[in-house]
Amino acid sequence: MEDKIIMGNSIDNWIEKHPELSHIMQYNPVYWQNNQVMKISAIKNDLPLQLSDVIDAEKRWERFASIIKSLFPEMENRQGIIESELIEIDKMKVALEKDYNLMLSGKLFLKLDSHLPIAGSIKARGGFYEVLKHAETLAIEHRLLSIEEDYAKLANEEMKQFYSQYGLSVGSTGNLGLSIGIIGTALGFQVTIHMSADAKEWKKQLLRDKGAKVIEYTSDYSQAVTEGRKQALADPKTYFIDDEQSIDLFLGYSVAAVRLKKQLKEQQIEVNEDHPLYVYIPCGVGGAPGGICFGLKMVFGDVAHCIFAEPTHSPSMLMGLLTGLHHNLHISDFGLDNITEADGLAVGSASKFVGKMMEKLLDGVFTVDDDDLFRLLALLNKTENIKVEPSAAAGFMGPFQLLKNNALQENNTVHVIWATGGALVPDAIMQDFLKKGESLNNK
């Protein structure tokens with residue numbers, strides 16, 4: 001291991017420069033504080049995207065509302081708006097304080113993207129947005145739609161026949177593939193999902209049931225994306241949704257920040273210098289958490305603090321930021337196996353686009369052991385009767401990791417744990433998750 005050369009340096013040299021790597025390589029949970037984070041005013045003009053891009057994406061979401069209602073009748077009572085609840089979780093807060101033997105001041109909220117309608121995960125934000133934007137673009141280019149029209153017409157049989165000439169393709173560990181498959185097939189596209197070895201069987205079957213083609217790989221996420229991109233490039237009528245590089249996915253996620261601001265205001269929760277906002281988001285390749293972090297910084301400014309959570313076995317964003325290697329690093333270069341039950345987070349190399357964006361926006365990253373994911377999801381179910389999948393439980397340790405590392409502004413803090421998936425998990429599998437978590441909690 002010591003002889004391996006990574007970008008011109010041996011592993012020993014990397015550890016000498018970044019001692020945290022030795023703990024990461026032993027799969028120990030760590031908290032890394034980003035000392036390069038800067039005030040928005042100092043870096044705003046250097047960012048490739050601005051608040052205006054977030055607002056533009058929000059307006060597009062509003063145009064999409066009528067087609068979402070037409071495709072999915074259950075969305076009628078939500079006015080076609082794909083959004084999740086923000087709830088205060090006092091009982092979970094008390095249980096966590098007891099568990100970690102630390103008192104957490106301020107309020108603890110849960111953002112229930114785990115229960116977003118239709119797709120049941122955070123990926124509905126990015127996946128639905130990019131597919132619908134592509135559908136909008138095709139229709140406008142072929143003079144089948146104008147921006148002033150009711151977008152509900154995109155759901156009619158004539159449009160489904162039109163879209164059936166075109167393909168959609170994506171590489172996924174699970175939830176992004178589900179979101180693309182659900183919305184893509186509903187519109188009439190020919191959908192192909194390239195799924196990595198860690199993707200759950202029930203997610204593959206659900207996609208097949210929706211009419212999507214699923215191609216399975218024996219390797220990890222990176223190979224699924226690479227092969228998917230290569231195959232899509234060979235077909236001019238196939239559109240590849242690139243989780244590693246897509247600006248549209250990123251902006252679809254960013255609108256969550258605008259919605260969160262409204263929800264906090266409705267609950268009379270102040271966010272300002274005296275009431276800082278700390279948000280804890282599970283991270284895989286980085287698109288969803290990166291988009292949300294960018295949106296939060298644009299909407300709230302410097303009073304918003306973003307912290308990512310990754311499995312101890314798949315800390316690709318952490319290692320990319322720590323070393324500065326970003327997408328040029330695969331965690332296997334440092335001997336990590338990328339094996340985790342948190343399938344949505346099982347990513348060996350982080351997004352180049354997002355990693356570079358996060359260099360001066362992200363406040364920190366912490367890692368979580370798989371056993372803790374199961375313990376935390378069981379604790380959430382016991383205290384609040386809310387069920388999430390392992391990936392979605394990653395954020396709960398965040399406030400306490402920051403407390404232990406003296407990295408938390410303690411006065412009147414607003415904490416938001418972002419739950420990212422779980423609503424579509426079959427009952428039998430969810431019961432297995434809960435049993436495992438309960439047994440770990442009882443040890």
Side-chain angles (χ1 to χ4, degrees), residues 32-63 122 125-126 129-130 133 137 147 241-265 270-281 283-308 316-329 349-365 407 409 413-414 416 418:
W32 173 76
Q33 187 161 337
N34 183 13
N35 295 321
Q36 294 188 67
V37 68
M38 295 180 69
K39 290 187 177 297
I40 292 298
S41 58
I43 60 173
K44 186 177 178 182
N45 294 335
D46 296 326
L47 295 173
L49 299 168
Q50 301 295 323
L51 177 60
S52 58
D53 296 299
V54 180
I55 302 304
D56 179 65
E58 183 192 20
K59 290 177 180 175
R60 184 172 280 106
W61 266 122
E62 290 170 1
R63 297 202 297 274
I122 193 172
R125 295 187 184 278
Y129 178 83
E130 181 155 1
K133 183 173 183 247
T137 300
I147 203 169
I241 295 160
D242 196 334
D243 199 13
E244 294 182 333
Q245 303 177 45
S246 172
I247 290 174
D248 286 333
L249 280 178
F250 189 86
L251 287 173
Y253 296 121
S254 74
V255 174
V258 180
R259 307 267 183 83
L260 180 66
K261 184 175 183 178
K262 182 182 178 184
Q263 289 178 319
L264 288 167
K265 187 175 181 180
E270 290 186 83
V271 174
N272 51 42
E273 286 187 6
D274 296 321
H275 302 83
L277 174 66
Y278 281 77
V279 180
Y280 310 88
I281 319 174
C283 179
V285 75
I292 291 170
C293 177
F294 168 75
L296 290 169
K297 294 287 186 172
M298 291 297 101
V299 170
F300 291 98
D302 298 320
V303 299
H305 303 271
C306 303
I307 297 93
F308 290 174
S316 58
M317 182 63 72
L318 167 58
M319 295 182 75
L321 286 165
L322 175 64
T323 61
L325 294 175
H326 297 297
H327 68 295
N328 290 312
L329 172 151
S349 295
S351 161
K352 174 184 178 181
F353 170 65
V354 177
K356 293 297 289 183
M357 278 275 279
M358 292 300 105
E359 278 183 334
K360 295 177 181 177
L361 289 177
L362 186 65
D363 291 82
V365 186
Q409 185 176 328
T413 307
V414 180
V416 176
W418 216 284

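Below, each value reflects all heavy atoms present in this structure, side chains not excepted, and no hydrogens, waters or symmetry copies.
- Listed by chain and number, the residues in a salt bridge (charged side-chain N to carboxylate O under 4.0 Å, His left out) with K261 amount to none (sequence neighbours excluded).
- Closest approach of A257 and F300 over heavy atoms only: O-CE1, 4.1 Å.
- The shortest side-chain heavy-atom distance between V303 and L277 does not fall under the 4.5 Å cut-off.
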Carefully, step by step, assess F294 and V54 under the rule side-chain contact (heavy atoms from CB on, under 4.5 Å). CA-CA 9 Å; F294 168 75; V54 180; 3.6 Å; yes
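- W418 and A256 make their closest contact through CZ2-CB, 3.8 Å (heavy atoms, listed as atom of the first residue, atom of the second, distance).
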Please tabulate, one pair per line, all N/O donor-acceptor pairs under 3.5 Å involving side-chain atoms of residues 351-358, not counting sequence neighbours.
from	atom 1	to	atom 2	distance (Å)
S351	OG	E244	O	2.5
S351	OG	F353	N	3.3
S351	OG	V354	N	3.0

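- Taking NE2 of H305 as the start and OG1 of T413 as the end, the distance is 8.5 Å to the nearest 0.5 Å.
- Rounding to the nearest 0.5 Å places NZ of K59 at 10.0 Å from CD1 of I147.
- Screening I43, I40, D46 for a side chain to side chain contact (heavy atoms under 4.5 Å, CB included) with K360, the sole residue that qualifies is I43.
- Nearest heavy-atom pair across G286 and M317 is CA-CE, 3.8 Å.
- Looking only at side-chain heavy atoms (C-beta outward), L321 and H326 come within less than 4.5 Å of each other.
- The distance from the OH atom of Y129 to the CD1 atom of I241 is 13.0 Å, given to the nearest 0.5 Å.
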Checking side-chain contact (heavy atoms from CB on, under 4.5 Å) for the pair M298/L47: CA distance, chi angles, key distance, verdict? CA-CA 11 Å; M298 291 297 101; L47 295 173; 3.8 Å; yes
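- One finds the CZ atom of F250 at 14.0 Å from the CZ atom of R125 (value rounded to the nearest 0.5 Å).
- Interatomic distance, M38 CE to L361 CG, rounded to the nearest 0.5 Å: 10.5 Å.
- Minimum interatomic distance between D302 and K39 (heavy atoms only, all atoms of both residues): OD1-CA, 3.4 Å.
- Every residue two or more places apart in sequence or in another chain that forms a side-chain contact (heavy atoms from CB on, under 4.5 Å) with D274 is listed here: N272.
- Contact detail for S316 and G284: the closest heavy-atom pair is OG-O, 3.7 Å.
- At distances below 3.5 Å, not a single donor-acceptor pair connects side-chain atoms of D248 with backbone N or O atoms of E130.
- Atom-to-atom distance recorded for Y253:OH and I281:CD1 is 11.5 Å, nearest 0.5 angstrom.
- The minimum heavy-atom distance between V37 and K297, with the atom names listed, is CG2-NZ, 4.5 Å.
- Between the side chain of S254 and the backbone N or O of I292 there is no donor-acceptor pair closer than 3.5 Å.
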Could you go through L264 and V271, starting from their C-alpha distance and side-chain angles, then the distance that decides it, and tell me whether this counts as side-chain contact (heavy atoms from CB on, under 4.5 Å)? CA-CA 8 Å; L264 288 167; V271 174; 3.8 Å; yes
